[in-house]
Every structure is written in C-alpha cells, then in structure tokens.
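Just so it is clear, the values below take in all heavy atoms, side chains as well, and ignore hydrogens, waters and symmetry mates. Numbered from 1 within each chain, the chains take letters A, B, ... in sequence-line order. Worth saying up front: this structure is predicted, and the values here are computed from it rather than measured.
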There are 2 protein chains.
Amino acid sequence: MPFEPSVQAPFAVAVDLVVLAVHRSALRTLVVRRGESPDRGRWALPGGFVGAQEDLEAAAARELKEKTGLSVHVAGNGDGAHLEQLATYGDPGRDPRTRVVSVAHLVLVSGLGEGQESYTGVVRGSVLGDVAGGEPEVRWVPVDELLPGDSETHRRSAPSLLAFDHDRILAEGVDRARAKIEYSSLATSFCPPEFTVGELRRVYEAVWGVALDPRNFHRKVTGTPGFLVPTGGTTSRQGGRPAQLFRMGGATLLNPPMLRPEA
Amino acid sequence: MPFEPSVQAPFAVAVDLVVLAVHRSALRTLVVRRGESPDRGRWALPGGFVGAQEDLEAAAARELKEKTGLSVHVAGNGDGAHLEQLATYGDPGRDPRTRVVSVAHLVLVSGLGEGQESYTGVVRGSVLGDVAGGEPEVRWVPVDELLPGDSETHRRSAPSLLAFDHDRILAEGVDRARAKIEYSSLATSFCPPEFTVGELRRVYEAVWGVALDPRNFHRKVTGTPGFLVPTGGTTSRQGGRPAQLFRMGGATLLNPPMLRPEA
DNA sequence: CCTGTTTATCGTCAGTGCGACGACTAGGAT
DNA sequence: ATCCTAGTCGTCGCACTGACGATAAACAGG
C-alpha cells in the first residue's frame, strides 16, 4: 500500500503568500490583480508555481522578491521580513485548470512609519497603500475590508472578494499572526530595526484591532527580560515626549504571553 | 509572472501521518516497516500518495484507516481520532525517486486504558505496543526512543532512526501536540469518551514528560467552566478511591492555559 | 476488624502578574 | 505661559498559580 509512484496524479505545486504589514493604524495585506485566465482581473494573493528543483521556502522568497522587491531572512530576523509556512490547500477543484496544491506562507514586513504618506514603501516603485505603476497592479488593502465577520463595517456572509480560496488563506494567515504575537516577539517584525514602545504597541493594536493601555503595555514589554534592548539612542519623534529607542532582544518567546483583551 | 502552467514540474504529492497515543505512561507514535525501494526495511511514518481527485484530509484519513483501522471525525471529536494538518515538506531530494511534496498530518488517538496489556489496540489485529501480524509490520514506539535531545536516555546527535526526513516531521508533530494541549482541550483526544481527572492528568504527564501536582491539576481542570462535564456516573477503578467520570465540555479553548512546568 | 497503601478531592496561604487608573515628565504648538 | 500629546513610573486590588496539609474512599494483608 505505501508508496506506489505509478498511481501518481499530475499535481502542480504552488506557493501563495499572505504578506502583512501595519500602515496607518491598519493591518494590511498585499494583493495583486490577476492578469491570467481564471479569475482574470480579480484580486488575489501573490503566488506562483514552485520550480522543479526549488525548495518551498525558496519559492516563497522568490515570489516575494518578484512581487515586492523584499528579501527575507528565513529563520532569524535581519532587516528582511519574517517568513514562515502557513498551511497547504489542496482541494480538488480549487483551481479550475488542473489539480493545484498550494503551500501558503505568511510574511510579515516592517511597514510602520505611520507618518502618513512619508513612507516609501516596500513595493518597488510604489508607496504603501497606493497602486503600482507599470508593473503588475499591486495594492495594500486593510484586512478588515477583505475579511467578513472580522469586526465592524457591514456584515457580509461570504462575498469572496479574492480569487480561488484566497479569502480563507488570508483569514488563516491573519489568525496565525494574531495568535503568534501573543507569545512571541514576532510583532517586532512589523517594526523597523529600532522602534519605540509606543510604536510596538500600535502594532499590537492594529493587528488585534483593540486599544491597549499604554502604561500596562510599557510595563509588560520592558519588564520581560531579554525582550527589548535599549539602543541608548534615547530619542525619536512621534508627537509628544521623546521616547526611548529599542531593538529586539534575544528572547523570541514571550512568557507569560501578552494577553489579548476581549472575552 | 503569476501562474504559468507550462513551466510546471512533475510533482508527486503525499501525506505523512504522525499518529500519537498515550499508552503505559508513554507518548507513543505509530511507525511502519518500509517494504519498498528507498529505505526498505527501515521504520517510517505511515503515509502514501494522494489520489488524483482526493482531498488532502481525505487522503490522510484513508491512510489512517488503512494502517490502523481508525476513523477520524475531522473537526469535532466523536469517538474518532483528532486529525489536523501539520506542515508540508518539499525539499528537492527528500525522496530519491522523484520530487515528492509531503503534507504531514497530526493524529491523536485515544489509546489510554493504562491497564497494562488489557487494551485491545487501535491497530487492527494487534495490541498497542506490539507488532502486527500478517499485515505490514506496525509498531507503537515511545517517542523518547526516536527523538534525540528530547529528554533522558543517551545523547545521540542525529542518528536518524526513521526513513526520509521523518525524524523531523515527528519532532514537529510532537512539539505541536505538546504546545496545543496547553491552551486547548486537545488532550482529551487521548482519552476515551469518559475519563477521570487522574487519567487526563496522566495524559499531560506522558505528553510533557513531567510530573504534575494532582491537587492543582484537579483544581485547574474542574475550575475551568465548560471544560469538563461530569457524566453523573461517578465511579471507575484505577487503584485507590473511585473517581468521578467526565466528558469533554463545549469549551475547546483553555483560558488561561494549563502551564507547563520547567523554566 | 484494623492498618497501611493508593488515588481522589477539598482547603489554605503566599507570591506573581495583570487590569484599572493616578501622577509626573518632556517635547511641540498656540 | 498654557495646552496638548505621548512617554514613563507607581499603586491598589484581584485572579491565578505553586507548594503543601488534610480528609475520603476504595483495596490488600494480617
């Protein structure tokens, strides 16, 4: 019974990317306008087929590079983005062309800046939040606008705003990100190399869609040993009193976790 | 750039299964003796290729049925086992034959019984812990014996006791199970439909490989509303004073989580 | 029957961490 | 100077946990 290569079916293997960033107090995801046959003209998650001799993560990193110009440092965060595998979707019929098994990946990029339009974005030639130029049409969309029962706005049942089963993939990617910043230092992947406690807090608030008490948040993140390292450079400007700058510490796990409100 | 079916490579898609059970105070996993070409005679995780029109979960359930006779109730726990997707492994060269992308799944089966040999096992025709008869050779092995730096015994660096990259898949499956029983009611998947608090505690102890305080554990699980439901049937025998019988309650999430010792 | 052993279950107490919230600080804007 | 904004430090009460004592209910032997 085990392993009969003769009965193999012709599978195509692809990677799809849930690329998340925080911009203007909103958690946003990267979508591209489809130019090909199925669902042509519809928005979809960036993705593509895996090369014959290509590793899955390599394929995801390549696609990211092609679509956004971003490079990732897999396992370990440099200035690049965080990349991790999400889940695999292989329903027969999820792609009308052939049997496509797609390995979804989650990418978190530092798109903070928060300073309005000032941010010269991750997408090459375009600003975060705007539409790209000559290249394939690309947009950063607030996930609220794509996910139905997610929070507020109007209640839609399942309008399926994205091509294929990308709604579901996006939803699971967002869930993963929301869950993971609870107990890990992953939220710093949304921040530039040096950031303030307030900026980090605004990341949590954007990802979770809640308001956090600045004082308790400050106590929590500065009180966890190894989580944040002050860079000495004590200043920065965001509005009020200048804040201390921090860099991510060695601790990747947050224990006890950051508690997400709501019950 | 996106989607060029013409450049597809010939992929084979498989499912591999990390099947876990608790028996005799040990967390065990199901391994089968390979009878085919690569790594013939070596132990491996059960698995096989996905059918042309078969869903990934369906393929995993089918493989489980073929190898163990167990049926699963995906999403929602009846008397069947718990099944969830783990991760996908697609390194070129992980299988010497062709490019095989394998979607690993995690299966938790109720193999308690604890009453020595009395348990008539999940593996058809065989007893949990023993070797199968005429069918493909199957064994329940304590994960300690397969995972290196996991805990005690001798320190081996990377003997690779299983075929392919199954060591790594097993390790990640065990990690997932260990992490998930912290904040969910998943541990009850290792228990029969009705169980005592002590039996549930022994599951946690076996999976985590630690000793838990019976009194604090009892307070925790009985104090969390909706987690356990007393069946009324107040009795059972395990040694000392008879214990109350419980069934899993509606609550699938454990908040605050069960804390795993060690620091 | 009495005693020791085993497991279950109830309580107590101190320490930790969190939510709520007051108070003070240090810049920019008016 | 005054207001506004954001950052940072403290305090108080509560919930939960870990350590651990005590009692209860079965069984095995003598």
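Counting to the nearest Å, the C1' atom of dA19(D) and the CG atom of L259(B) are 15 Å from each other. In this structure, the CE atom of M258(A) is 13 Å from the C1' atom of dG17(C), given to the nearest Å. As a whole-Å value, the separation of R219(B) CZ from dG21(D) P is 15 Å. Regarding F217(A), its CZ atom lies at a distance of 16 Å from the P atom of dA20(C), rounded to whole Å. For the pair L212(B) CG and dC20(D) C1', the interatomic distance rounds to 16 Å; values are reported in whole Å. The CD-C1' distance, from E182(B) to dT17(D), rounds to 14 Å in whole Å. A straight line from CZ of R215(B) to P of dT9(C) spans 14 Å, rounded to a whole angstrom. In this structure, L245(A) places its CG atom 15 Å from C1' of dT8(D), rounding to the nearest Å.
Closest to the P242(B) side chain, of the nucleotides dT9(C), dA25(D), dT17(D), is dA25(D).
Each of N255(B) and F246(A) lies near DNA chain D, and the nucleotide nearest F246(A) is the one positioned closer to the 5' end. Along DNA chain D, the nucleotide nearest to R260(B) and the one nearest to N216(A) differ in position, and the one closer to the 5' end is contacted by N216(A). Place D213(A) and G239(A) on DNA chain C by their nearest nucleotides, and D213(A) ends up nearer the 5' end.
Contact between the side-chain N/O atoms of K220(B) and the OP1/OP2 oxygens of dT17(D) is found at a separation under 4.0 Å. Distances shown here put a side-chain N or O of H218(B) below 4.0 Å from the OP1 or OP2 atom of dT9(C). In terms of phosphate contacts, R202(A) brings a side-chain nitrogen or oxygen within less than 4.0 Å of OP1 or OP2 of dG7(D).
Here OG1 of T231(B) is found 10.0 Å from CZ of F195(B). Values are rounded to the nearest 0.5 Å.
Side-chain to base pairing of R201(A) with dG7(D): no donor and acceptor N or O lie closer than 3.5 Å to each other. In the interface, the side chain of R241(A) is paired with the base of dT25(C) through a donor and an acceptor atom under 3.5 Å apart.
Listed for the Q85(A) side chain is no donor-acceptor partner under 3.5 Å among the backbone atoms of E57(A).
The pair R168(A)-E172(A) meets the salt-bridge criterion, since a charged nitrogen lies less than 4.0 angstrom from a carboxylate oxygen.
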task: Give the C-alpha distance, both sets of side-chain angles, the deciding distance and a yes or no for side-chain contact (heavy atoms from CB on, under 4.5 Å) between L146(B) and V31(B).
output: CA-CA 10 Å; L146(B) 296 176; V31(B) 291; 4.2 Å; yes

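Taking the side chain as every heavy atom from C-beta outward, V32(B) and K67(B) approach each other to under 4.5 Å.
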